[in-house]
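Here the structure is laid out as structure tokens; the discussion comes afterwards.
Everything numeric here is computed off the predicted structure, so don't read it as measured data. Order of the sequence lines sets the chain letters (A, B, ...), proteins ahead of strands, with each chain counted from 1.
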Number of protein chains: 2
Amino acid sequence: MGEPIYKIIENHVKELIKTNDLKQGDMIPSEKQLSEEFEVTRMTVRSALNNLVKEGYITRRRGVGSIVLGSKIYDNISAISGFTKEMQNKGYEVSNILVDFNIIEADEELSKKLNIPIGDNIWEIKRVRMADKIKISYMVTYMPIKLFPNLNQKHCIGSLYEYVESICGYKIAISERSVEAIISDVELEDILDLNKKEPILYIRQACRIENGEVFEYSHTYHYGYTLTLNAVAK
Amino acid sequence: MGEPIYKIIENHVKELIKTNDLKQGDMIPSEKQLSEEFEVTRMTVRSALNNLVKEGYITRRRGVGSIVLGSKIYDNISAISGFTKEMQNKGYEVSNILVDFNIIEADEELSKKLNIPIGDNIWEIKRVRMADKIKISYMVTYMPIKLFPNLNQKHCIGSLYEYVESICGYKIAISERSVEAIISDVELEDILDLNKKEPILYIRQACRIENGEVFEYSHTYHYGYTLTLNAVAK
DNA sequence: GAGTGGTCTAGACCACAAT
DNA sequence: TTGTGGTCTAGACCACTCG
């Protein structure tokens, strides 16, 4: 079998929303109508529609129907799309400078954060990120070598997330971030060409692939940058 | 019928995880075993297990089984649970001081953010939030009077999110936040009893109920506070 | 080969909202 | 009363993983 039918129905409805055939507040065809149109049972249709609910496209009400939610918010719903995509979406030209690329051994903290044994080998990647030729963030990323045996310096120039998904074939599933405001120190001012004591967003993030393994733990220092977040309830 | 069976199964497994009968990495009983234990069909069990996947408790692999994920990350998965719940979960005693409670008219910015006509009446709520008797954030909230005709000052002492969900019966669906680091100014230092020029998290948030309407737009200034975020892909 | 989860059928009864 | 989505049955065949 190729693509499962529920996926086909899912994409069909997504397409209707994207092409504006269905707008915010519109009712999508009922389960019965869709099951007749695609000649499948209601259960198959329900599986498609429940996925659309999960992804924030529609909401459903018993006795009423399935309603299209506002698309604006849901456009970039991938809250962990990664920095590169996020900035490109805002119209900036994004590039990375690779500052350091090492293999280190997991200490106690990294072993906890990455959920691997102490002493395991880890890629340590230090990068400065540029938007339109201005340095705006410094990022230190740790990734288990076990998961990425073939990572090299070239991959670090582009989007690491794209490498993880497109080339390695992992599906990025969930991330935990903590966000703090701090004041820059001399080291950071040096790296990012800042004035003294600038306000900085300090973000620590652990990111998992679908099977639950942590594939990345990172520290990021953002200057003059607004983090945009879309959160879905529950 | 009372609680649906799939919910019962869901809670059963959650309980096993919470009591540590099932630990991270453990396999939960197979669909077949659960369907025999609860005397239901596999479809019913699947509905329960798929919800557990959605909520981040387990991951599933064809040919292998359903595996318990690390609970740490997934505990407070409701990324817009609101500040009160978020801090209580961390063990702080939380309270609010109502600083100001007004009716104002929507200017151009607020009309855009709340998606209502210019001139519409809005509640303007200014609060200081305390954790264990220390002032840690200042919050200015705007809510359309149209949606909350009966809001009063008492509701602002507790959790506004709880008021919106429990008393008004709205279901909070999605929020969009932007997060920045700033340096405190004199006004903020005064309000929050800060030293001069402290690093502050400045968060603007628009929050929607299920039908897509914006019910809240707010500015929050957090001091000494780490924002925790769980993001789910797509 | 045995066991797992993934997809799907062809029905059923129910709770809820709108008219 | 009609139409919607919510729950559930008792099967089926399939794709995948592992020993």
Side-chain angles (χ1 to χ4, degrees), chain A residues 1-13 16 22 25-69 169-171 173 209-213 234, chain B residues 1-13 16 22 25-69 168-171 173 209-212 234:
Chain A
M1 198 188 318
E3 203 173 25
I5 302 171
Y6 74 90
K7 280 267 179 212
I8 295 172
I9 299 175
E10 237 181 281
N11 291 329
H12 171 72
V13 176
L16 289 177
L22 289 172
D26 284 357
M27 214 87 102
I28 74 170
S30 72
E31 295 182 352
K32 188 153 170 290
Q33 287 174 315
L34 284 170
S35 69
E36 280 161 6
E37 182 181 342
F38 287 89
E39 297 179 306
V40 292
T41 58
R42 251 187 79 210
M43 287 300 276
T44 304
V45 172
R46 284 181 59 72
S47 147
L49 298 192
N50 285 333
N51 284 338
L52 291 173
V53 170
K54 198 169 65 184
E55 294 173 35
Y57 284 91
I58 63 172
T59 184
R60 322 185 69 196
R61 272 190 255 169
R62 171 154 43 182
V64 181
S66 301
I67 300 140
V68 177
L69 287 173
Y170 295 123
K171 204 167 157 203
I209 50 181
E210 248 189 340
N211 70 3
E213 281 182 278
K234 262 172 204 173
Chain B
M1 195 191 317
E3 202 172 29
I5 302 170
Y6 74 88
K7 281 267 181 211
I8 295 172
I9 299 175
E10 238 181 280
N11 292 329
H12 171 73
V13 176
L16 289 177
L22 289 173
D26 284 356
M27 214 85 102
I28 73 170
S30 72
E31 295 182 354
K32 188 153 169 291
Q33 287 175 314
L34 284 171
S35 69
E36 280 162 6
E37 181 180 344
F38 286 89
E39 296 180 309
V40 292
T41 57
R42 251 187 78 209
M43 287 300 274
T44 303
V45 173
R46 284 181 60 73
S47 151
L49 298 192
N50 285 334
N51 284 339
L52 292 173
V53 170
K54 198 168 66 185
E55 295 172 37
Y57 285 91
I58 61 172
T59 185
R60 321 184 69 196
R61 273 192 254 171
R62 171 155 39 184
V64 181
S66 300
I67 300 138
V68 177
L69 287 173
C168 304
Y170 295 123
K171 204 170 158 202
I209 50 181
E210 248 190 338
N211 69 2
K234 261 172 205 170

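Looking at heavy-atom distances under 4.0 Å, B:S66 makes contact with sugar-phosphate atoms alone, never a base. Within the nucleic acid shown, A:T41 comes within 4.0 Å of at least one base atom, counting heavy atoms only.
Taking the nucleotide of DNA chain C with the nearest heavy atom to each of B:E31 and A:G63, the more 5' of the two is matched to B:E31. The residue among B:S47 and A:Q33 whose nearest nucleotide of DNA chain D lies closer to the 5′ end is A:Q33.
Residue B:V64 has its side chain nearest to D:dC18 when only C:dC13, D:dC18, C:dG6 are considered. Proximity note for A:V40 (side chain, C-beta onward) versus D:dT7, C:dT7, C:dT9: the nearest is C:dT9. You'll find that the side chain of A:Y6 is closest to C:dT7, out of C:dG5, C:dT7, D:dT4. The A:T44 side chain lies nearest to C:dT9 when the options are C:dT9, D:dC8, D:dG5. Checked against C:dG6, D:dT7, D:dT4, the side chain of B:R42 finds its nearest nucleotide in C:dG6. Here the side chain of B:M43 is nearest to one of D:dT4, D:dA10, C:dT4, namely D:dA10.
As rounded to whole Å, 11 Å separates atom P of C:dC8 from atom CG of A:N51. For the pair A:M27 CE and D:dG5 P, the interatomic distance rounds to 8 Å; values are reported in whole Å. Here D:dT7 presents its C1' atom at 13 Å from CD of B:E10, a figure rounded to the nearest Å. We find that CG of B:N50 is positioned 15 Å from C1' of D:dT7, with the value rounded to whole Å. Rounded to whole Å, the distance from CD1 on B:I8 to C1' on D:dC8 is 13 Å. Atom C1' of nucleotide D:dT4 and atom CG of A:L34 are separated by 13 Å, given to the nearest angstrom. Between the CD atom of B:E3 and the P atom of D:dG6 there is a distance of 17 Å, rounded to whole Å. The separation between B:R62 atom CZ and D:dC13 atom P is 17 Å, rounded to whole Å.
Of all the heavy atoms in B:Y6 and B:A48, the pair that sits closest is O-CB, 3.2 Å. Looking at every heavy atom in both residues, B:N50 comes nearest to B:R60 through OD1-NH1, 3.1 Å. The nearest pair of heavy atoms linking A:I58 to A:V68 is CG2-CA, 4.3 Å. Contact between B:E10 and B:N51 at its shortest, heavy atoms only, is OE1-ND2, 3.0 Å.
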### Task
Please report the C-alpha distance between B:L16 and B:I28 in whole Å, then the side-chain angles of each, then the deciding distance to 0.1 Å, and finally whether the side chain to side chain contact (heavy atoms under 4.5 Å, CB included) criterion is met.
CA-CA 9 Å; B:L16 289 177; B:I28 73 170; over 6 Å; no
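Proximity of B:R60 to the phosphate of C:dG6: a side-chain N or O atom is located under 4.0 Å from OP1 or OP2.
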